[in-house]
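Have a look at the structure below before the remarks.
Residue numbers begin at 1 in each chain, while the letters A, B, ... track the order of the sequences. All values derive from a computational prediction rather than experimental measurement.
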Amino acid sequence: MNSSTAPGRPVYLDHAATTPVDPRVAAAMAHCLTAEGEFGNPGSTSHAYGDAAATLVEAARAQVAISVGAQPDEVVWTSGATEANNLAIFGAAEHYRDSGRHIVTSRTEHKAVLDPCRELERRGWRVTYLAPDGGGMIDPAQVAAALQPDTVLVSIMHVNNETGVIQDIAAMAAICARHGGARLHVDAAQSAGKRAVDFAGFGVDLMSLSAHKVYGPKGVGALLVSRRSGGKRGDAGRGAHSDAGVHLQALQFGGRQEHGLRAGTVPTHQVVGMGLAFELAEAARQADAVRLESLRDRLWQGLASLGGILRNGDAAHSVPQLLNVSFEGVEGESLLAAVRDRLAVSTGSACTSALQEPSYVLRALGRSEALSESSLRFGLGRGSSEQDIDTALTVVKEAVSRLRRISGA
Amino acid sequence: MNSSTAPGRPVYLDHAATTPVDPRVAAAMAHCLTAEGEFGNPGSTSHAYGDAAATLVEAARAQVAISVGAQPDEVVWTSGATEANNLAIFGAAEHYRDSGRHIVTSRTEHKAVLDPCRELERRGWRVTYLAPDGGGMIDPAQVAAALQPDTVLVSIMHVNNETGVIQDIAAMAAICARHGGARLHVDAAQSAGKRAVDFAGFGVDLMSLSAHKVYGPKGVGALLVSRRSGGKRGDAGRGAHSDAGVHLQALQFGGRQEHGLRAGTVPTHQVVGMGLAFELAEAARQADAVRLESLRDRLWQGLASLGGILRNGDAAHSVPQLLNVSFEGVEGESLLAAVRDRLAVSTGSACTSALQEPSYVLRALGRSEALSESSLRFGLGRGSSEQDIDTALTVVKEAVSRLRRISGA
Amino acid sequence: MRYSEPTLRYFKTAPGAGVLEGAGTFRGAAGSRARGTWVQFDIKVSSGTILAARFLAFACPHTIAAAAWVAEQAVGREVRAALPESVEELSKRFAVPIEKRGRLLIIEDAWAAAAAGFTTCGH
Amino acid sequence: MRYSEPTLRYFKTAPGAGVLEGAGTFRGAAGSRARGTWVQFDIKVSSGTILAARFLAFACPHTIAAAAWVAEQAVGREVRAALPESVEELSKRFAVPIEKRGRLLIIEDAWAAAAAGFTTCGH
Ligand SMILES: Cc1ncc(COP(=O)(O)O)c(C=O)c1O
Ligand SMILES: Cc1ncc(COP(=O)(O)O)c(C=O)c1O
């Protein structure tokens, strides 16, 4: 068990922001870099260096596909889930613009889904933002109710990055299938290695993946684009991608890579790292879940003794790796300042924590501004040990008690 | 001198397609991956792991900036030069759409410039494609003549990826400055380490860079976005980027990274690799040039003895690392097939060589289809040795003589 | 968020955090927990001189540090509505970011309210 | 482009590359160098039987291999306009991609032209 925490450094409990790369993955990546390794351009068809790189790229594509229940030719490499979300949302919106201009999503999506949707509103699309219940769950019936005749896309995430709450994707996919014109995009950046993902089994049309949340490298991800036949309304054999399945307009032009859906040299070491990371994560998923669930419960019970704490997100429907807690009577910035020397946690998605604004995800769950700001997200991971949890408990309890004393709470 | 050619493998002379990563760069990258290293998310402001990663990212930004005569805050990280070109062209076209819909570029640009321009034509922009002379040179006067009152962007590459021909960017920048409304974008993916680049000195507005052409990793690049004041027409303090300088509309939304111009987790190991690769390349540039020029000349003189060969691109205005030659009396595919077991070269840009079409770049220089197809691009690099050149000479001369015998030429 | 050395020191030690009771103590508070910043001062006064001062704060580290410093400095001085040093000086002392200056005004109000408790009771 | 083993072998050895001269030799060519594929056959015939055959080709490896094979097979057969085996069989034998079938037709035409040289000269 490689601990994420090197001696002398704070205890790392921010695995939902990013994870260390698995040493086996790092070794596989290193093999694709220097002159001794497979450094060729996978796009070079004119020599053995290119062929060898292309072979590694296709093997990685198959590894990712198998681990998420997709076909290799449904995998489009991207620079991460942010790009995958943008490609899915802009790509589908632009391709199906003549079929309709309405999109359904939720208030607790990642900014990489919400910001593209806002941009589409600016360009004249209509977007419905579903409100989750107090536990962060979206009822599939809400999706059904939001669909309109001209709805072309529904974008709902699988596992929420702040609360760990899991949505019922399969049920939503069935609803979209009945509608006939609405394609379902799922941001599954937080799912791999935490929750079984079955692209075909769920019946999802588009799915975003990221490597660095699952012990793979930053800067690589994939968009799964369904090539299943039985296309939906508007799929009259058009589109850059394929005849069967979903069609997209590319975001980035300049080469025939990835079926013309994503131009640019494919970074061998990056996709090789992602392929292996996904394979390893799927193999370790169930064992990890059991171990981390007991650590997560140990953490929650330990914190409970403080009193005045609230768990964010429906505990019955969330992944074992995440625990999000709001602390009454302490101010958010001071709480973080009091723990940060010894504990690495997040007060919101890494992508938003640069801004000093309360988590919009927790606000959407009905938390007050103060309680949203005084929340900590504990992201457990493969490297987390019982020792890490106990240190975290000591640090947080000390900080909360002291700050409550100072605030007179 | 680490040879790019491992024993038993073909001689690698395709450094214009991609280069092996410098071992020092690979080591720096490795330090940013595993639990022992700086694996944190540079966007995580809530703990020391994120801070340490952010520090490395900013140091790398400064390394790139210094080596190309730019300011650190002008560097926008991307997934490569393809994305940088797309961001520059779509970003400027969309941002300045109300100032004009005319773009000037050339017929010998990389597909990552030409394809975005074609897409803009589809969306209603007008694009002028300048024709180079027989040597591949664009006369700055051609740019001046092509400018129209509503020209918002000129995109001309610095060093051509197939011929190595160098354009007079500074002169073109001066012409765009006089025009007042035309911003100059330069695709400099092939320049770093081959040719001095001075973003400010040239007076360029936007410049695309790539790491993997210069002993850095694939999948990372940058767009330089000028923040120099004295903005051009249409720059009334609008825009995502900054008040002074050039404004762009982002392509990818979902986070405030890179001044809001490029959302997505910044991949620490990738940008650290690019930063060091650019620093090392600039340090080695002049010595490399001298050594590789003599190897290139040795190769050219050796081939000349074959007779019936034509050098593609103006020898007086090209980088020493590239030699592009057409062979009379041999068919292109057979030529490649005859050499590929022992020699790794390209018959066109790696990005186009997947398609069996004659190089559009050489066609634009006036070469016949047959001569364009029967061309080889020799890309010399840091690892190339005299031994490599002599092997290449033996292999190519043998192949050409044999094929000429078979073709009766 | 990075903090200066004095900010961290006063935030972590928070000298004078607490309350005072009994004759000759006066209390002033300002701000609101719901809005993210609340500060309270207690001062114990004898013949116009502050014998002791305490503070409570539901606030960010900068605000806690500044409030702690104010309470510390006050002891031995005579009661005045003004802070021991101006809000500008305070924000320099603790390197308070511009967007947070409003929080120092809350400290100023809380302090003035405590002082007013003394002055308005006929001294 | 990947090539099958027989394609590579015939491309690399190119048996029968060259020309024939003298009495009883007939020549046929088709295609164009400018358009990327040109093939020529020379056959030496005695009383209707092919004693020797040579080819020249400015062409891709598949075409060179097929032309070399055709010249090799022809020896000992009697002169006929048809190839030793059909274009379909040839393309299977050398795993010729569909887009290249047209090039085999050029081989067919060149061969037929050579054979015609013999038949039309009064035999
Ligand atoms: C749910 C979710 N979607 C998208 C992203 C963005 O992924 P990437 O960092 O690969 O761009 C993240 C990570 O920040 C995430 O948690
Ligand atoms: C001139 C030029 N521009 C752009 C690119 C694309 O760069 P990247 O592979 O980093 O996307 C290349 C490399 O293929 C190139 O040579």
Side-chain angles (χ1 to χ4, degrees), chain B residues 10 14 17 306-310 326-348 350 352-360 362-363 366-376 394-409, chain D residues 1-21 27-42 54-72 94-103 106-107 110 114:
Chain B
D14 201 13
L306 273 169
I309 68 169
L310 298 146
S326 289
F327 299 85
E328 291 173 348
V330 302
E331 191 272 344
E333 187 185 335
S334 284
L335 177 57
L336 183 63
V339 302
R340 68 172 286 156
D341 293 350
R342 287 176 293 164
L343 184 60
V345 291
S346 167
T347 50
T352 63
S353 63
L355 327 169
Q356 293 290 13
E357 63 192 17
S359 156
Y360 66 89
L362 300 186
R363 297 285 285 132
R367 290 286 181 233
S368 68
E369 240 184 66
L371 283 174
S372 301
E373 282 177 341
S374 71
S375 68
L376 295 180
T394 315
V395 172
V396 173
K397 285 164 121 175
E398 226 173 79
V400 169
S401 316
R402 199 172 67 79
L403 290 171
R404 283 178 175 172
R405 203 166 41 70
I406 293 175
S407 77
Chain D
M1 175 54 82
R2 300 249 125 290
Y3 306 100
S4 68
E5 187 282 321
T7 306
L8 273 180
R9 180 157 35 88
Y10 274 89
F11 167 65
K12 291 193 165 159
T13 57
V19 296
L20 296 170
E21 252 101 37
R27 170 165 299 174
S32 122
R33 291 169 185 275
R35 265 184 255 91
T37 305
W38 173 84
V39 178
Q40 168 181 299
F41 286 106
D42 285 355
R54 297 280 183 277
F55 80 97
L56 292 178
F58 178 96
C60 73
H62 289 105
T63 310
I64 288 175
W69 183 85
V70 166
E72 179 187 78
F94 293 107
V96 181
I98 211 78
E99 322 80 56
K100 286 186 170 184
R101 293 297 168 83
R103 300 178 181 182
I106 290 176
I107 291 179

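B:Leu310 contributes atom CG, which lies 11.0 Å from atom CG of B:Leu362 (distance to the nearest 0.5 angstrom). B:Ser374 OG to B:Leu336 CG: the interatomic distance, rounded to the nearest 0.5 Å, is 12.0 Å.
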Donor-acceptor contacts, no H, no angles, side chain residues 402-409 of chain B, under 3.5 Å, sequence neighbours left out:
unit_1: B:Arg402; atom_1: NH1; unit_2: D:Phe11; atom_2: O; d: 3.3
unit_1: B:Arg402; atom_1: NH1; unit_2: D:Lys12; atom_2: O; d: 3.0
unit_1: B:Arg404; atom_1: NE; unit_2: B:Glu328; atom_2: O; d: 2.9
unit_1: B:Arg404; atom_1: NH1; unit_2: B:Leu306; atom_2: O; d: 3.3
unit_1: B:Arg404; atom_1: NH1; unit_2: B:Gly307; atom_2: O; d: 3.1
unit_1: B:Arg404; atom_1: NH2; unit_2: B:Gly307; atom_2: O; d: 3.0
unit_1: B:Arg404; atom_1: NH2; unit_2: B:Gly308; atom_2: O; d: 2.9
unit_1: B:Arg404; atom_1: NH2; unit_2: B:Glu328; atom_2: O; d: 3.1
unit_1: B:Ser407; atom_1: OG; unit_2: B:Gly329; atom_2: O; d: 3.0
unit_1: B:Ser407; atom_1: OG; unit_2: B:Leu403; atom_2: O; d: 3.3
unit_1: B:Ser407; atom_1: OG; unit_2: B:Arg404; atom_2: O; d: 3.2
unit_1: B:Ser407; atom_1: OG; unit_2: B:Ala409; atom_2: N; d: 3.3

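Inter-residue side-chain proximity for D:Arg27 and D:Glu21 is flagged as met; some heavy-atom pair is nearer than 4.5 Å.
Scored by the side chain to side chain contact (heavy atoms under 4.5 Å, CB included) test, D:Thr13 finds D:Pro15 as partners (sequence neighbours excluded). Partners of D:Phe55 by ring-ring contact (aromatic ring centres under 6.0 Å, His included), not counting sequence neighbours: none found.
Heavy atoms closer than 4.5 Å to chain D are found nowhere in B:Ala399, neither backbone nor side chain.
The most heavy-atom pairs under 4.5 Å with chain B, out of D:Pro61, D:Ala68, D:Ala67, come from D:Pro61. Heavy-atom pairs under 4.5 Å with chain B were tallied for D:Ala17, D:Ala14, D:Ala59; the largest tally goes to D:Ala59.
Identified by a heavy-atom distance below 4.5 Å to chain B, the contributing residues of residues 33-42 of chain D are D:Arg33, D:Ala34, D:Gly36, D:Trp38, in residue-number order.
The aromatic rings of D:His62 and D:Tyr3 lie tilted to each other, with the angle between the two planes from 30° to 60°.
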